[in-house]
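I have placed the structure first, in the form of structure tokens, so that the comments after it can refer back to it.
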Amino acid sequence: MTHEFPAAHDVFRFASKHWRRWLLPAAALTLLATAYAVVRRDTWEASQSLVVRNEAAGNLGDPGRFRHADEMKTTQETIQELAKSRAVLRQALIEVGPPEDEEVTAAWPTDEDVARLAETIKLAPPKGAEFGKTEVLYLKVRDASRPRALALVSAVSKHLQSRFQALRDAKAQGMIAELSKAVSMAEAEMAGVTDKLAALESSVGGDLAELRILHESSSGDSDLRRKSLELETELRQAQLAERSQQSLLDLLQQARIDQGRLLAVPSRLLESQPALKRLKEGLVDAQLKTAELSGGMSSEHPLVRAAVQAEEEISRQLHQELEIACRGVEVELRLANERAETLAEQLADTRGRLAKLGGLRATYSNLITDVQQRGGLLAAAQRELSEARNSQAGAHSSSLIYTIDTPDAGTRPMGPGRLMIALGGVVAGSLVAAAILFLSLPTGVKPAVETHSATVPPSFVVPAVSPIRKQTPPVSVRKALKKTMATLAD
């Protein structure tokens, strides 16, 4: 392998002969860097650390803390926009005043002054964090003067706090106006539904408790329903008693004509007439005694005649008792009829009331549900209105942004110092001069150096050859490079 390098004395001789080509660009860059270092103004960055908290109103679980990261991020983004708002920056500039080297006009600060200040402001979270992950923020302001940078960052943070309070106040006022209207509408709707419910309950009257029971009970069982069932049972019993009295009256009237029919009356029907029942049994006993005596004696026998007379007397008394019993049964029958009619009327009235309540049940349930829903909406609107008023009161009395310690601008300005800039110009000029010198070297001053392997097998001996000539680029390429270098040197 063959490498070619220019000889040191050739390079030195060429550089001495054409010193303008490389010295002038190096000197120009060095002078430019030195001039920039002299006229350059220092830039100081003042930083103020801030802590942001959430509103305590409406956050009873953990007052002052954000419920989730998105809420914190939204608040911090709002603060970031407010920090660069024209109102905050203009007030800060008015408070701090113009720079010492700037002429003050009557229109100061102008929109351009505010725009320049906005470009120097940055609100960022701590290193390694992002918005929404930490409650700490850094407000940074850059300026050519260290005291003015500190004053600006202090003024911006102060007016940022007041502006954020004003924004909270305006937001709370808008919410209060909106929620007040919502509460008024909810109250009006609540009053209308309540009036309808009151009118319906008034129309029900004494059955209001039954209607409420029907609304609350899923089975529909109520006192009125149980009363209806009891009346049906009593009516059936009264009708049965009425039929029994009617049958007994018919039998008693027939027995008045033919007392033999009385003997066929069941004892169950005579339970209500104990005297008649006793006479019936006595008549049967008398007839049996007469028949027994007539079987062994003549009809003229005194005992037979006495038995016949006793039987006739009992029959006569039975006839009289039948008259009394018929009048008593008639009275009982009339009372039974009246009781059955009364029970029928009560049952019809109860069924009518049940039918009326059944028809009103759906409407009443809908009104109750509507009242409950309106009441819930009204309570929610009133609660939100109370929270908005608390937020407005908090906006007047406290801030959600707090400063940590005092502003700090460090001990050194931003960026490299003047000496570093000058040294950088020297290094850059030297590198440019070396590059120009290397590209300007002629091709004829570059001798060749040949190297090859020290050990070669005997069978592969390579004959000696003349030194390899340095390959030169085409003439057109060399001319173009020399022309370019000459142009740079000039």
Subject >> Residues that Thr342 engages under side-chain contact (heavy atoms from CB on, under 4.5 Å), provided they are two or more places apart >> reply: Gln346
Original post:
Residues in salt bridge (Lys or Arg N to Asp or Glu O under 4.0 Å) with Glu178, at least two apart?
Top reply: none
Original post:
With sequence neighbours left out, what residues match Phe164 under ring pair (Phe, Tyr, Trp, His ring centres under 6.0 Å)?
Top reply: none
Original post:
What residues form a side-chain contact (heavy atoms from CB on, under 4.5 Å) with Gln76, not counting sequence neighbours?
Top reply: Met72, Phe131, Leu137
**OP:** If a pair satisfies salt bridge (charged side-chain N to carboxylate O under 4.0 Å, His left out) and one of its residues is in residues 115-133, list it, with sequence neighbours excluded.
**Re:** Asp113-Arg116
Sequence neighbours left out, cut at 3.5 Å: what donor-acceptor pairs do the side chains of residues 365-372 make with other protein atoms?
from: Ser365; atom 1: OG; to: His215; atom 2: ND1; distance (Å): 2.9
from: Ser365; atom 1: OG; to: Arg361; atom 2: O; distance (Å): 2.9
from: Asn366; atom 1: ND2; to: Ala362; atom 2: O; distance (Å): 3.2
from: Thr369; atom 1: OG1; to: Ser365; atom 2: O; distance (Å): 2.9
from: Asp370; atom 1: OD1; to: Arg374; atom 2: NE; distance (Å): 3.2

Subject >> All side chain to side chain donor-acceptor pair (under 3.5 Å) counterparts of Tyr402, not counting sequence neighbours >> reply: Arg53
Original post:
What residues form a salt bridge (Lys or Arg N to Asp or Glu O under 4.0 Å) with Arg86, not counting sequence neighbours?
Top reply: Asp111
Subject >> Set of salt bridge (Lys or Arg N to Asp or Glu O under 4.0 Å) partners for Glu232, sequence neighbours left out >> reply: Arg351
Contacts table for residues 146-158: side-chain donor-acceptor under 3.5 angstrom, sequence neighbours left out:
from: Arg146; atom 1: NE; to: Gly410; atom 2: O; distance (Å): 3.0
from: Arg146; atom 1: NH2; to: Gly410; atom 2: O; distance (Å): 3.0
from: Arg148; atom 1: NE; to: Gly97; atom 2: O; distance (Å): 3.4
from: Arg148; atom 1: NH1; to: Asp143; atom 2: OD1; distance (Å): 2.9
from: Arg148; atom 1: NH2; to: Gly97; atom 2: O; distance (Å): 2.8
from: Ser157; atom 1: OG; to: Val153; atom 2: O; distance (Å): 3.1
from: Ser157; atom 1: OG; to: Ser154; atom 2: O; distance (Å): 2.7
from: Lys158; atom 1: NZ; to: Glu95; atom 2: OE1; distance (Å): 3.2
from: Lys158; atom 1: NZ; to: Glu95; atom 2: OE2; distance (Å): 2.8

Original post:
Within a strict 4.5 Å, meaning less than it, do heavy atoms of the Leu139 and Ser47 side chains meet?
Top reply: no
Subject >> Residue list, salt bridge (Lys or Arg N to Asp or Glu O under 4.0 Å) with Lys84, at least two apart or on another chain >> reply: none
Original post:
Sequence neighbours excluded, which residues qualify as side chain to side chain donor-acceptor pair (under 3.5 Å) partners of Gln392?
Top reply: Asp169
